[in-house]
Every structure is written in C-alpha cells, then in structure tokens.
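Encoded as structure tokens, the structure appears first; notes follow it.
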Amino acid sequence: MARTSSLSRPIIEALYTEALVLADEVRAVFTAGTREPVTGEDAFVRLALSTEGLKATTRMMHVLAWLLNQRALFSGELSENRVRLHGALPPDRGADEKQLALLEPETRALIAETERLHRRIARLDEAWRQHFEMASPARAFQERIGREFGRLG
C-alpha cells in the first residue's frame with residue numbers, strides 16, 4: 001500500500017458519503033426513543049436506547065463536522081492553520097457494555113459501526129496532524145534494535 005503525504009478530496013468525499021448514510025441510519029433507529037412508551041415497555045431499555053442513541057448521534061456529528069472541515073479546506077473556505085487549530089476530532093465516548101446488552105443486536109451492530117468509523121477518522125486526524133510522518137511499527141522496531149546494538153558495540 002502506497003504511503004500518502006496528505007488527505008485527498010476523493011478520500012474525504014467517500015468518507016463523507018459513508019458518514020451521511022450511517023448518520024441517517026442512526027437517526028432512523030434512535031428517533032424511536034422520542035415516541036411515547038408502549039405499554040409494558042421496559043424503562044431500562046428505553047433509557048439504554050436514549051443514552052446510547054445520544055452517544056451514537058454525537059459521535060456521528062463529530063465525524064461529520066471533521067469531514068466538513070476537511071471539505072472546506074479543500075474548497076479554500078478554511079485555511080489549513082485554522083483547521084489544525086480548531087478542527088480536531090473530539091475523543092469518542094464509547095458505548096456502555098451494560099447498556100448495550102439491553103439493546104437489540106441490530107442496534108448494537110449500528111453503534112459498533114459508528115465507533116469503527118470514529119476510530120478510522122481519529123487515525124486519519126492523527127496522521128494528518130503529524131503530516132503523515134508517523135513511523136511504521138516495523139521501522140520503529142528496526143530502529144530500536146539498531147540503538148540496542150549500538151549500545152553494545
């Protein structure tokens with residue numbers, strides 16, 4: 001896989017489309033929590049749905065905001081300096097395993113998908129902030145071995 005020195009518009013556009021579709025799915029699933037409770041519906045399930053829905057929605061809004069900043073950078077609406085100063089992806093607040101256990105498998109899978117997308121974007125954000133100069137784990141290991149042999153010699 002070739003190393004890149006920056007993000008490209010096609011990468012950002014593809015991620016933006018993916019994020020929009022996922023955000024729409026999240027909205028569709030979690031708007032059910034705003035309806036009146038059905039007779040006999042478990043209050044703990046409604047609470048879990050509401051809590052995890054808020055986290056998933058917030059996670060997706062953070063991802064979309066990051067991607068919109070990148071799109072604005074590509075279109076010249078924002079400077080790179082401004083995006084670097086104010087456009088960091090906020091850390092994720094992961095799902096609560098106890099709350100997840102109360103939800104339907106499809107809902108849990110959707111939440112997991114939002115977490116995976118956030119992690120992918122977080123890796124891109126970190127790499128972009130370091131100007132894609134992160135060393136590969138193999139190279140770091142080779143350098144460490146070289147330093148150790150240098151101390152022995």
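Position 1 is the first residue of the sequence; numbering continues from there.
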(request) Verify salt bridge (Lys or Arg N to Asp or Glu O under 4.0 Å) between Glu77 and Arg71, making sure each step is shown before the conclusion. (result) CA-CA 9 Å; Glu77 296 172 25; Arg71 291 177 85 206; over 6 Å; no

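Between the side chain of Ser50 and the backbone N or O of Arg46, no donor-acceptor pair lies under 3.5 Å. Formation of a donor-acceptor pair under 3.5 Å by the His118 side chain with backbone atoms of Pro90 is found in this model. The backbone N or O of Ala88 sits nowhere less than 3.5 Å from a side-chain atom of Asp125 that would complete a donor-acceptor pair. No donor-acceptor distance shorter than 3.5 angstrom exists from the side chain of Arg84 to the backbone of Ser79, with no hydrogens or angles considered. Arg93 places no side-chain N or O within 3.5 Å of a backbone atom of Lys55 that could act as its donor or acceptor partner.
Side-chain contact between Thr57 and Thr114 is absent, with no heavy atoms from C-beta onward closer than 4.5 Å. Within the 4.5 Å cutoff, the side chain of Leu64 has heavy atoms near those of the Met61 side chain. Two residues are said to be in side-chain contact when any heavy atoms from C-beta on lie closer than 4.5 Å; Leu100 and Leu103 meet this criterion. Put simply, the side chain of Arg108 does not reach to within 4.5 Å of the side chain of Glu104, judged on heavy atoms. Side chains of Phe44 and Leu49 form no contact here, defined as non-hydrogen atoms less than 4.5 Å apart. Looking at heavy atoms from C-beta onward, Asp96 lies out of side-chain contact with Thr51 at the 4.5 angstrom threshold. Between Leu73 and Gln70, some side-chain heavy-atom pair lies under the 4.5 Å cut-off.
Heavy atoms only, all atoms of each residue included: Gly53 and Phe30 are closest at CA-CD2, 3.2 Å. Shown here for Leu110 and Val26, the closest heavy-atom pair between the two residues is CD2-CA, 3.8 Å. Closest approach of Trp128 and Glu80 over heavy atoms only: CZ2-CG, 3.9 Å. When every heavy atom of Leu67 is checked against every heavy atom of Ala19, the shortest pair comes out as CD1-CB, 3.8 Å. Between Asn69 and Gly87, the closest heavy-atom pair is ND2-CA, 3.6 Å.
In this structure, Glu52 CD and Leu54 CG are separated by 9.5 Å, a value rounded to the nearest 0.5 Å. With rounding to the nearest 0.5 angstrom, the CZ atom of Arg59 is 13.5 Å from the CD1 atom of Ile121. Between the CH2 atom of Trp66 and the CG atom of Leu124 there is a distance of 5.0 Å, given to the nearest 0.5 Å. Here the OG1-CE distance, from Thr58 to Met60, works out to 11.0 Å after rounding to the nearest 0.5 Å. Considering CG of Leu15 and CG of Leu22, their distance stands at 11.5 Å, rounded to 0.5 Å. Annotation: the span from Asp42 atom CG to Leu102 atom CG amounts to 7.0 Å, rounded to 0.5 Å.
Taking a cutoff of 4.0 Å between a charged side-chain nitrogen and a carboxylate oxygen, Glu18 and Arg120 qualify as a salt bridge.
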